[in-house]
Trainee: 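Can you read through this structure? Questions will come right after.
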Amino acid sequence: MLSSRVRLARNLANVSFTNKATTAQLQQIVDTCRGAIVRVAGGGLVRWVDLHESSPLERTALVERHLISQQLARGKVAAKASSSEKTSASSGPGGARAVAFTLPDERLSIMVNEEDHLRLQSIRSGLSLTDAFAAIDKVDDQIESTLEYAFHPRMGYLTACPTNVGTGARFSAMLHLPGLRMTGNIEKAKRAATDMALTVRGFYGEGSEAAGDFFQFSNQTTLGKTERMLLEELERDILPKIVEFERLARKTLVTKHRALLEDQCYRALGVLTHARLLKSEEATPLLSMVRLGIVLGVVKGLDLGVVTRLLLLIQPAHLQLVAGRELDQDKRRVARAELVRQRLGVSSN
Amino acid sequence: MKCDRCEQEATVHELRVVGGQKVEKHLCESCAREEGIQAQGPGSVGELVGQLMMAAAGPSVSAGESKGVVCPSCKTTFAEFRQSGLMGCAACYSAFERPLSGLLERAHEGGLQHIGKVPRRQAVRGVVAAGGASPAQGKRTTPPGESASDGPPDRAQMISQLRKQLEQALKHEQYERAAKVRDELRRLEQTGGSRKTEPPPPGS
């Protein structure tokens with residue numbers, strides 16, 4: 001059970017959605033939202049980033065921290081990417097868009113001009129959907145007090161994509177399920193989720209793969225249920241089940257396949273502490289195995305926090321931020337291996 | 001990951017098995033297009049949704065019915081929506097109301113009436129415009145059936161919503177979900193207590 005996230009999709013009344021807005025309108029939306037958010041933040045520390053003015057590196061780093069989506073980083077909102085000669089200004093890269101997030105915890109972030117004008121997001125570690133929702137609910141109220149949302153009494157909050165209409169709320173949880181994967185039971189867990197009308201995605205949400213055995217579970221429908229019902233479906237009904245499946249799978253590994261388990265964990269550790277070149281696709285599953293090892297007490301003497309931090313730092317943009325300069329792919333592989341060896345405390349290597 | 005043909009980032013990945021051998025291709029969108037491969041990047045989930053919704057709608061949405069419909073506000077046509085899966089503005093929802101309702105019902109498993117949170121401004125309007133324009137009656141995130149001032153229309157709506165969802169769940173053989181909906185329904189119907197003002201649902 002890694003993290004819980006609640007996302008609310010909102011749009012301003014009286015202006016087209018981002019996929020149809022003109023360049024001028026997009027800028028206007030950004031300005032309006034900025035005003036509202038600044039007022040809401042009051043004295044609180046909030047960082048605002050105008051994404052159409054930031055470097056690709058900065059944008060990638062924000063994606064890696066789960067503060068913005070890949071879609072917002074890229075700036076392409078219109079789904080018809082193949083016919084980008086459309087007149088709509090927002091379908092080209094660089095349409096006005098931004099993100100605001102709280103410092104230093106980054107638990108609350110607001111994307112401006114992604115698929116919807118506003119995407120409010122609240123993240124908590126562990127299983128705390130209720131807390132995450134309470135926080136975002138409050139911010140939603142505060143923002144709404146300074147600007148008007150597009151809302152319909154029957155259809156609820158109006159969103160660009162009809163699959164988000166109604167509550168506009170998506171509750172999701174990120175789980176680490178190496179046990180299920182190793183015992184060949186991931187499909188079973190996914191089926192249980194789909195049976196409850198939930199979707200399962202990878203580490204970076206929509207369109208991503210399940211790297212390192214990290215899976216994101218979220219509700220699929222948003223209309224016809226209250227926010228509380230959606231939250232409970234996830235938190236009370238489906239997640240405990242998946243967590244229990246994983247727990248049992250891990251128990252099986254420890255009791256019946258201990259040699260295999262130890263081998264996998266120590267091999268991972270071996271590569272991580274000795275490799276001179278590491279690709280991120282390679283490093284992530286290895287770190288995932290080490291993480292499992294630590295949690296199950298198979299790997300000793302390593303702090304879980306170090307591994308969790310490394311999962312972020314090995315990402316391309318963060319690697320370059322740590323190095324303090326831009327690195328091409330080959331240099332990144334060297335830097336990644338060095339960073340990993342260093343953080344895992346291998347001094348004599 | 002770089003495109004096989006150029007320096008761009010590869011977003012289209014094709015895996016084919018040819019004569020027992022795996023053949024992988026990694027291309028960027030433009031090279032993929034040139035090779036005639038259908039690109040479906042993350043941005044086109046909306047497109048996929050649009051297609052799925054249209055497929056689900058079936059014969060009820062005839063080409064003729066949706067052809068001429070254009071949103072008066074942003075000029076989006078229904079055809080454009082079908083392709084992108086995205087509405088152009090708030091007014092599109094009213095403009096495309098008819099073809100949309102079937103799609104919404106299927107996408108949200110029977111859900112057709114919003115019963116969740118309502119923005120404060122709407123809540124105020126709902127109370128003032130007592131002509132029944134806002135069925136949600138301005139209830140904020142109050143849990144159903146708990147507040148004494150919850151008018152019968154609120155509960156009736158929720159109950160009818162839940163019944164529809166129960167039907168849908170059973171139809172799709174999602175028995176676990178059906179059980180949850182049934183439990184929620186029972187809870188609601190019980191807390192109604194003496195206020196049994198709603199008529200029996202048709203055909204139940």
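Bear in mind that the values here come from a model prediction, so they are computed numbers and not experimental data. Residue numbers begin at 1 in each chain, while the letters A, B, ... track the order of the sequences.
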Trainee: Would you compute the distance between atom SG of Cys74(B) and atom CD of Gln25(A) and round it to the nearest 0.5 angstrom?
Mentor: 10.0 Å
Trainee: Write down the atom of Leu223(A), the atom of Gln165(B), and the distance for their closest heavy-atom approach.
Mentor: O-NE2, 4.5 Å
Trainee: Can you tell me how far OG1 of Thr222(A) sits from NE2 of His114(B), rounded to the nearest 0.5 angstrom?
Mentor: 9.5 Å
Trainee: Identify the two heavy atoms, one from Cys89(B) and one from Ser16(A), that lie closest to each other, and give their separation to 0.1 Å.
Mentor: CB-CA, 3.8 Å
Trainee: Could you tell me the separation between the OG1 atom of Thr163(A) and the CG atom of Leu86(B), rounded to the nearest 0.5 Å?
Mentor: 8.5 Å
Trainee: Side chain, backbone, both or neither: which part of Ser69(A) has a non-hydrogen atom closer than 4.5 Å to chain B?
Mentor: neither
Trainee: Given that the side chain runs from C-beta out, which part of Gln168(B) has a heavy atom under 4.5 Å from chain A: side chain, backbone, both or neither?
Mentor: neither
Trainee: Between Lys164(B), Glu97(B), Lys75(B), which has the largest tally of heavy atom pairs under 4.5 Å with chain A?
Mentor: Glu97(B)
Trainee: Using a cut-off of under 4.5 Å for heavy-atom pairs, which of Val15(A), Asn14(A), Thr167(A), Asn11(A) has the most such pairs with chain B?
Mentor: Thr167(A)
Trainee: Could you report the tightest heavy-atom contact between Val118(B) and Tyr157(A), atom names first, then the distance?
Mentor: C-OH, 3.6 Å
Trainee: To check you understand the geometry: which heavy-atom pair defines the closest contact between Asp141(A) and Arg120(B), and what is its length?
Mentor: OD2-NH2, 3.6 Å
Trainee: Do side-chain atoms of Gln220(A) reach the backbone of His108(B) as a donor and acceptor pair under 3.5 angstrom?
Mentor: no
Trainee: Please walk me through it: do Glu184(B) and Thr226(A) pass side-chain contact (heavy atoms from CB on, under 4.5 Å)?
Mentor: CA-CA 11 Å; Glu184(B) 184 75 29; Thr226(A) 62; over 6 Å; no
Trainee: Return the CE to CG distance between Met155(A) and Leu112(B), rounded to the nearest 0.5 Å.
Mentor: 8.5 Å
Trainee: Check this for me: does any side-chain nitrogen of one of Lys225(A) and Glu109(B) sit under 4.0 Å from a carboxylate oxygen of the other?
Mentor: no
Trainee: Drop me the distance from Ile115(B)'s CD1 to Arg154(A)'s CZ, to the nearest 0.5 angstrom.
Mentor: 14.0 Å
Trainee: Identify which of Ala90(B), Cys92(B), Gly88(B) forms the greatest number of heavy-atom pairs closer than 4.5 Å to chain A.
Mentor: Gly88(B)
Trainee: With a 4.0 Å cut-off on N to O distance, would you call Glu144(A) and Lys117(B) a salt bridge?
Mentor: no
Trainee: Compare every heavy atom of Tyr93(B) with every heavy atom of Pro162(A), then report the nearest pair and how far apart it is.
Mentor: CA-OH, 3.6 Å
